[in-house]
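So the structure is just underneath, and the comments pick up after that.
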Amino acid sequence: MRIGVDYYPEQWDSSLWEKDAEIMARTGVKIVRMGEFAWSRIEPQDGIFDFSWLDKAVNIFARYTIKVVMGIPTNCPPLWLYEKHPEIIRIGMDGSKVQLGIRGHRCINSPVFRNYAERMTNELLKHYSMNLAVVAWQIDNEMRAYQCTCDICKNKFRTWLIDKYDSVDGINKAFGNCAWSGEYSDISQIQPPSDYPESWQNPSLCLEWYRFTSYSTADFAKEMMLIVKKYCPKIPVTTNVCFSGNTANFYELYDLLDFVSYNNYPPVRISDNPDSYYSHAFHLDLMRGIKEKHFWIMEQLSGSTGGWTPMSPALKSGMLMGYSLQAMLHGADTVLHFRWRTALTGAEQFNHGILDHSNVPNRRFFEFSELCKRAEQMSVLDNTFIISDIAILYSPESEKALEYQPQTENFSYIHQLKAFHAAFTHFGANIDVISPDSDLTKYKLVIAPSLFINNKKETENIYRYVINGGTLVLTNRSGVKDEHNNCIMDSLPTVFKELIGAEVTEYDPIGNEVHTIRDFAGNEFVCTQWCDILRLTTAKAYAEYNSGEYWCMPAITLNRYCNGVAYYIGTVCHADFYESFASNLMMQTRIPKLKGLPRGVEVTTRTDGTDEYICFFNNSGNPVSIPLPKPMYSVINSMGRDKLELRPFEVDIVRK
Ligand code: GLA
Ligand code: ZN
């Protein structure tokens, strides 16, 4: 386990670099990321490159045996380039040029921009490919599925569609363009979606636009990656992502990159409401699931966040260290904290790093020093892996399509995944969050909420899983759309009807209305947002509606299918239901449960094939006491324990 920091030599007087490196080395920092926004310093004029300052910084860190992740600074082209080639400026969805002065203004499909980006990457690589201090490369920064409507992007989108559908007629048919006289008679009429809300527009167009913009981002990343590989085929390449708004399809973006890296900013405010208790661990499990291997945190929360928003509260004592360790427990091998010192200039002056503006060692710095020591103790986990019995399937396309056409008040795709994740977390289970086309054979339980967009390969994968004995959970809004994001003339959940042994005869998007359900054991739970009215063919009812118009009708079903079992949840519930359901599912599938875990305590179990380590993280904000089933050896405290007392955000690891 390795701790690092994000560092911006260009933002500090060079007289500070040596001192910073020396303190970092003493503190236990092993790696720094730099360069990702420094284009104007590396290429101050067209074709004139200046690496002298960056060499100096890299050499200083190397002298202190601190490694470097080099950022390729394509996110922020310099002003001279925009001035010379204004055609590279991104055009927004409203058709107007993005105003310069923030970042990420460039159109990644512009060939002129791509030439400059390639030249920059080639020059950087020529210069640093033999430098042993540089151990990884980061492409760009926090790329999204950029929506640019310049002529180049529009034309590329048109060609991309024609490639896929052969002709304008093919596109008309796939999009169902006869609705509202939307038929194209010429390719030039194809336009990206407009600036109006997506729900007013053709959902087929919206989804294809998302696919195209995501593809464009992945294609740009691939091109940059190939340049790095030309010079140093063995050095790993990544790009960093966050999980908010307009993300590219992660599976596609990382397909050809060596590893995933995530910008991890967990919430500073802890909620006591069990329905809003969703641990950030969900995102970490998702990041591990993208390539189904360990990942890095490229930016880790280190202080009050601000700049884009008013400042958040300060980090509570233990939070800086705890969230960083939490990421490690879920599969981050390397965690770089954002940032070493808070900026004195620029828009992010109040987005706090480890050190404050004063540069005087503060509470967070001392906690960070402790973290560096703790990370070394955690080396017992270096060759261990998280093996999960449970998988939750995450589909970026269903997520997007459900955003375009909100199904009912408050319904959220990702919320459903998180609700299940929280429920299994409560019983101390390892959970993988993976793609619906991943190999599912190794799981005892697979949860696939709202697979709204049908994908033949994924559907077959899911059927195969159940046929071979797996236990599956599907929920409402599954199988609603074909691959073009059009509805299907069949009763819901269409392709999954046979699997669940039931069909939806009617549905009721009840929004914020509240009803109740009663399970087979007589337990009552609140349900809301949605009611599927189900007709059972081979399935049995697991729960029925217990109030209102649908009283006594099945709400949740269970069907034995070949060697497996498929559950279907036709409504949306609160946390207490998901916990009860998770508990039953785990019992049925013989997945061990850790009972009596205090609320907010998260557990991951890791193994190297011989030893097993149980890792506890207190994410509750309160001190907790956790009884162990038998005395176990604490790797952190080097002693035997029969119970663990954890302060807020504290971690302990015991050998089983
Ligand atoms: C993102 C960016 C960083 C910085 C942080 C601030 O993750 O990648 O450059 O803006 O947010 O939180
Ligand atoms: Zn463009």
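Note that ligands are numbered from 1 as they come in the structure, with each ligand's atoms numbered from 1 the same way.
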For [X] and [Y], take the angle between the two ring planes, folded into 0 to 90°, and tell me which bin it lands in: parallel under 30, tilted 30 to 60, perpendicular over 60.
X      : Y      : result
His421 : Phe282 : perpendicular
Phe113 : Trp39  : tilted
Tyr251 : Tyr394 : tilted
Phe368 : His337 : perpendicular
Tyr82  : His105 : perpendicular
His283 : Phe243 : tilted
Phe157 : Phe212 : tilted

Would you mind listing which atoms of ligand 1 come within a distance below 4.0 Å of any non-hydrogen atom of [X]?
X      : result
Asn141 : 2 (C), 8 (O), 9 (O)
Asn263 : 7 (O), 8 (O)
Phe37  : 9 (O)

Task: Angular separation of SG (Cys153) and SG (Cys107) seen from the Zn ion (ligand 2), to 10° - done: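 About 100°, to the nearest ten degrees.
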- [ ] Before signing off on this row, confirm whether Tyr8 and ligand 1 have an N or O atom pair separated by under 3.5 Å.
- [x]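 Between Tyr8 and ligand 1 (N or O atoms, distance only) the closest approach is not under 3.5 Å.
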Open item on the list: I want to know if ligand 1 touches Glu142 in the polar sense, i.e. an N/O pair below 3.5 angstrom.
Closed with: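 By distance alone, the answer is yes.
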Open item on the list: Would Thr305 count as a contact residue for ligand 1, given that I'm defining contact as a non-hydrogen atom of the residue lying under 4.0 Å from a ligand atom?
Closed with: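 Contact absent.
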Starting from [atom], find the nearest protein heavy-atom neighbour and note its residue, name and distance.
atom                    : result
atom 6 (C) of ligand 1  : Asn351 ND2, 2.9 Å
atom 9 (O) of ligand 1  : Arg103 NH1, 3.1 Å
atom 11 (O) of ligand 1 : Glu299 OE1, 3.7 Å

- [ ] Have a look at ligand 1 and work out which part of Glu348, if any, has a heavy atom under 4.0 Å from it: side chain, backbone, both or neither.
- [x]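 The answer is the side chain.
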Task: Side chain, backbone, both or neither: the part of Met298 lying under 4.0 Å from ligand 1 by heavy atom - done: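 Looking at Met298 and ligand 1, no heavy atom falls under 4.0 Å.
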Task: Passing candidate, ring pair (Phe, Tyr, Trp, His ring centres under 6.0 Å) with Phe259, options Trp137, Trp296, Phe295 - done: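 Answer after filtering Trp137, Trp296, Phe295: Trp296.
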